[in-house]
Visitor: 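Structure in structure tokens, see below.
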Number of protein chains: 2
Amino acid sequence: MNKATSLLRRHSLQGEASLVQPENVYSRIRDDIIKGHIPADSRLKIRDLAARYGVSTNPIREALQQLRGEGFVIITPNRGARIRPIDEIFLRDTNEIELLLEPYLTRCFAEAVTINHIKQLEAIQDEIEALKFLNLDRHYELDTCFHWLMYEMHPNRQILDMWCKYRGVLGAVTSRFPITIGRQSAVIEEHRAVIACLKIHDAAGAEAVIRRHVSGSGRHMIQQLRAAKLFL
Amino acid sequence: MNKATSLLRRHSLQGEASLVQPENVYSRIRDDIIKGHIPADSRLKIRDLAARYGVSTNPIREALQQLRGEGFVIITPNRGARIRPIDEIFLRDTNEIELLLEPYLTRCFAEAVTINHIKQLEAIQDEIEALKFLNLDRHYELDTCFHWLMYEMHPNRQILDMWCKYRGVLGAVTSRFPITIGRQSAVIEEHRAVIACLKIHDAAGAEAVIRRHVSGSGRHMIQQLRAAKLFL
DNA sequence: AGTTGAATTATGTTACAACATATGTCAACT
DNA sequence: AGTTGACATATGTTGTAACATAATTCAACT
């Protein structure tokens, strides 16, 4: 296991929001939702799913509960679960939540940053730039690591848990899209900019950069979704 | 059913974050956690709980999953669930999340507010002031209604769901505490202040007032927790 | 259109197997 | 004697299966 993933695994909060998932039923269903293998808005019948994934009903029930918690399915009492379509609205809503969390977490980090942190961030950023987006999975890992390094020290574990959750959601969705050249250079520029702000202890500046960063990420994502006309 | 609760029930999002719960196993366990009937940090054994609440294991499993989603219990794979102690840290963390959500939602509302909304808010506020905190449950209902009126129109259902969730958590906890005189007048003053800001279309002002409002609510809560020395 | 009734599905129950973790026991060792 | 580590046992979680009940769907029928 490489440095980035071990870092993540070590800090994963409850197994639920772990950023490196095992291949359990939950993530298989999630994948099928994201990749559109199950028609949007269709009913998720427990017995069908149990047959489909070759497990009994209990793991399915649990998985559906988790998926509800992450907004992928909508459960109505006595009426079962339906898929929440992964559309523009879903991405916008999720991005809006990240836009609430990340700038705040960044500001908190900026106010407590040490020289050692900055060195680590620069090391990760060097790796990111060296990779040149040639391996998207690896890039996603490194990018997550970059952000996590800033947030992990925040004392509020509930917020961190939320961040992991929504980060995972967006990551799962966007991992199916390419990254445009324009977005690539923006990502690098923004990461460097936030490091620069941290160096001069400019918390407000760092916060603003991350707001721009997340916002741009959301716009890019939605743009890519539109480009791939299908529902996903 | 009165106006306030029907309003809430109508807009409850998935049954999960409903602000008026039925008496299912989930809420009974939650109550027992909040009221301290189960010692903090103790293991929640599925068999024991099933026996305690007179149901079989499956509903318990689901309830624990839900409680995990709301931060009340911590589940470790193959090692079961433990209670998350309802302590100062828990309240602070939860309040911090509200502090991220509510000012943002308020600002969004302030930018789209109509004269009709303001009239409704004033009507609720009149009721609140007429009640004079003589019936805390009713007060909580009205207060929730006041805030919900501002937020319900926001298009991001995920954020609203989160708000309902954390609102419910804090409500469940604080409903066991009295409200100090000082806090009572602060609540009224702050509600009036936000209405005043809305009238002059001062979104930033409304946001600031709500930030102060939520922040004060959190401080009051923690203070009351300290006063009641017990773990809860 | 509205009603009725059968089929479907969710939800809850029970029993049990498989697996992981924690606990206790015991012998070898310092 | 006390400590350490391997082993066995106990406890509890997780997954499976078959079944009962209650609610919802849906189609046939006035």
Side-chain angles (χ1 to χ4, degrees), chain A residues 9-10 12-18 20-33 38-84, chain B residues 9-10 12-18 20-33 38-84:
Chain A
R9 196 186 293 275
R10 187 146 38 90
S12 79
L13 298 171
Q14 286 196 18
E16 106 176 291
S18 172
V20 271
Q21 307 99 4
E23 297 174 11
N24 46 15
V25 180
Y26 153 73
S27 51
R28 289 174 65 191
I29 297 179
R30 196 181 72 156
D31 266 19
D32 280 342
I33 294 176
I38 309 175
D41 215 47
S42 66
R43 284 188 63 181
L44 292 172
K45 302 172 192 172
I46 292 183
R47 299 172 81 188
D48 289 2
L49 293 174
R52 174 171 191 153
Y53 299 104
V55 294
S56 69
T57 57
N58 268 353
I60 301 290
R61 292 186 193 181
E62 271 194 24
L64 289 180
Q65 291 293 330
Q66 287 186 249
L67 290 164
R68 176 184 68 167
E70 295 184 352
F72 281 114
V73 307
I74 296 171
I75 295 180
T76 322
N78 290 321
R79 229 173 282 188
R82 302 188 89 88
I83 292 185
R84 159 120 198 223
Chain B
R9 197 187 292 276
R10 186 145 41 88
S12 80
L13 298 170
Q14 286 195 18
E16 107 175 292
S18 172
V20 270
Q21 306 100 5
E23 297 171 10
N24 46 17
V25 181
Y26 153 73
S27 50
R28 290 174 63 192
I29 297 179
R30 197 182 73 154
D31 265 21
D32 280 342
I33 293 176
I38 308 175
D41 214 48
S42 65
R43 284 191 65 181
L44 293 172
K45 302 172 192 173
I46 295 182
R47 282 258 170 76
D48 292 359
L49 292 174
R52 173 171 191 153
Y53 299 103
V55 295
S56 69
T57 57
N58 268 354
I60 301 291
R61 293 185 192 183
E62 273 195 21
L64 289 180
Q65 292 293 330
Q66 287 185 250
L67 290 164
R68 177 184 67 167
E70 296 185 352
F72 282 112
V73 308
I74 297 171
I75 295 181
T76 322
N78 292 320
R79 231 176 290 183
R82 303 188 86 87
I83 292 187
R84 160 119 198 223

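Note that these values count all heavy atoms, side chains included, but never hydrogens, waters or copies made by symmetry. Order of the sequence lines sets the chain letters (A, B, ...), proteins ahead of strands, with each chain counted from 1.
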Visitor: In whole Å, I'd like the distance from the CD1 atom of A:I46 to the P atom of D:dA22.
Guide: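 Rounded to whole Å, this separation is 18 Å.
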Visitor: Just grab all the salt bridge (Lys or Arg N to Asp or Glu O under 4.0 Å) pairs involving residues 54-63 of chain B, residues at least two apart or on different chains.
Guide: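 As it turns out, there is no salt bridge (Lys or Arg N to Asp or Glu O under 4.0 Å) pair with a partner in residues 54-63 of chain B once direct neighbours are skipped.
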Visitor: Given A:R68 and B:Q66, is the side-chain contact (heavy atoms from CB on, under 4.5 Å) satisfied, shown in steps?
Guide: CA-CA 10 Å; A:R68 176 184 68 167; B:Q66 287 185 250; 3.3 Å; yes
Visitor: Show the nearest heavy-atom pair for residues B:I38 and B:S42, with the distance to one decimal.
Guide: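 In this case the closest contact between B:I38 and B:S42 is CG2-OG, 3.4 Å.
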Visitor: Which pairs, with at least one residue in residues 50-69 of chain A and sequence neighbours excluded, count as a ring pair (Phe, Tyr, Trp, His ring centres under 6.0 Å)?
Guide: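 Output for this query is empty, none listed.
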Visitor: Nearest whole angstrom, please: distance from the C1' of D:dT11 to the CZ of B:R47.
Guide: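 Result: 10 Å.
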Visitor: Answer with base, sugar-phosphate or nothing: what part of the nucleic acid does B:L44 contact at a heavy-atom distance below 4.0 Å?
Guide: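 Touches sugar-phosphate only.
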Visitor: Measure across A:S27 and A:N24 and return the closest heavy-atom pair with its distance rounded to 0.1 Å.
Guide: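 Scanning both residues, the minimum pair turns out to be OG-OD1, 2.6 Å.
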Visitor: Mind checking what makes side-chain contact (heavy atoms from CB on, under 4.5 Å) contact with A:R82, not counting sequence neighbours?
Guide: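 By the side-chain contact (heavy atoms from CB on, under 4.5 Å) rule, A:R82 matches A:D41, A:R43.
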Visitor: Rounded to the nearest Å, what distance is computed from the CD atom of residue A:E62 to the C1' atom of nucleotide D:dT14?
Guide: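 One finds 8 Å between C1' of D:dT14 and CD of A:E62, rounded.
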Visitor: Measure the spacing between CG of A:L49 and CG of A:L64 and express it to the nearest 0.5 Å.
Guide: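 That separation rounds to 6.0 Å.
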Visitor: To the nearest 10°, let me know how far the axis at one end of the helix from C:dA1-D:dT30 to C:dT30-D:dA1 is tilted from the axis at the other, five pairs an end.
Guide: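 End-to-end axis angle: 20°.
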Visitor: B:R84: what forms a salt bridge (Lys or Arg N to Asp or Glu O under 4.0 Å) with it, not counting sequence neighbours?
Guide: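 B:R84 satisfies salt bridge (Lys or Arg N to Asp or Glu O under 4.0 Å) with B:D93 once adjacent residues are dropped.
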Visitor: Does the side chain of A:Q65 pick up a donor-acceptor pair with the side chain of A:Y26 at under 3.5 Å?
Guide: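 Looking only at side-chain atoms, A:Y26 and A:Q65 do not form any donor-acceptor pair under 3.5 Å.
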Visitor: Please, which pairs that meet salt bridge (Lys or Arg N to Asp or Glu O under 4.0 Å) have at least one residue in residues 50-60 of chain A, sequence neighbours excluded?
Guide: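 For residues 50-60 of chain A, and leaving out neighbouring residues, the salt bridge (Lys or Arg N to Asp or Glu O under 4.0 Å) pairs sorted by first residue read A:D32-A:R52.
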Visitor: Please work out which residues in residues 51-61 of chain B have a non-hydrogen atom less than 4.0 Å from an atom of DNA chain D and list them by number.
Guide: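 DNA chain D contact set from residues 51-61 of chain B: B:R61.
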Visitor: Going 5' to 3' along DNA chain C, which are the first and last nucleotides with any atom under 4.0 Å from a heavy atom of chain A?
Guide: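 Footprint of chain A along DNA chain C, 5' to 3': C:dT9 to C:dG12.
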Visitor: Which atom pair, heavy atoms only, marks the closest approach of A:I83 to A:P39?
Guide: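 Answer, listing the atom of A:I83 first, then A:P39: CD1-O, 3.8 Å.
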Visitor: Would you list the pairs meeting ring pair (Phe, Tyr, Trp, His ring centres under 6.0 Å) in which at least one residue belongs to residues 55-75 of chain B, sequence neighbours left out?
Guide: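 For residues 55-75 of chain B, and leaving out neighbouring residues, the ring pair (Phe, Tyr, Trp, His ring centres under 6.0 Å) pairs sorted by first residue read B:F72-B:F90.
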Visitor: So, taking the atom named CZ in B:R79 and the one named CD1 in B:I74, what distance separates them when rounded to the nearest 0.5 Å?
Guide: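 Going from CZ on B:R79 over to CD1 on B:I74, the span is 12.5 Å.
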Visitor: Using nucleotides 23-27 of chain D, report all nitrogen or oxygen pairs with the protein that are shorter than 3.5 Å.
Guide:
unit_1	atom_1	unit_2	atom_2	d
D:dT25	OP1	A:R79	NE	3.4

Visitor: Take atom CG of A:L49 and atom P of D:dG15, then tell me their distance rounded to the nearest Å.
Guide: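 Rounding to the nearest Å, CG of A:L49 and P of D:dG15 are 15 Å apart.
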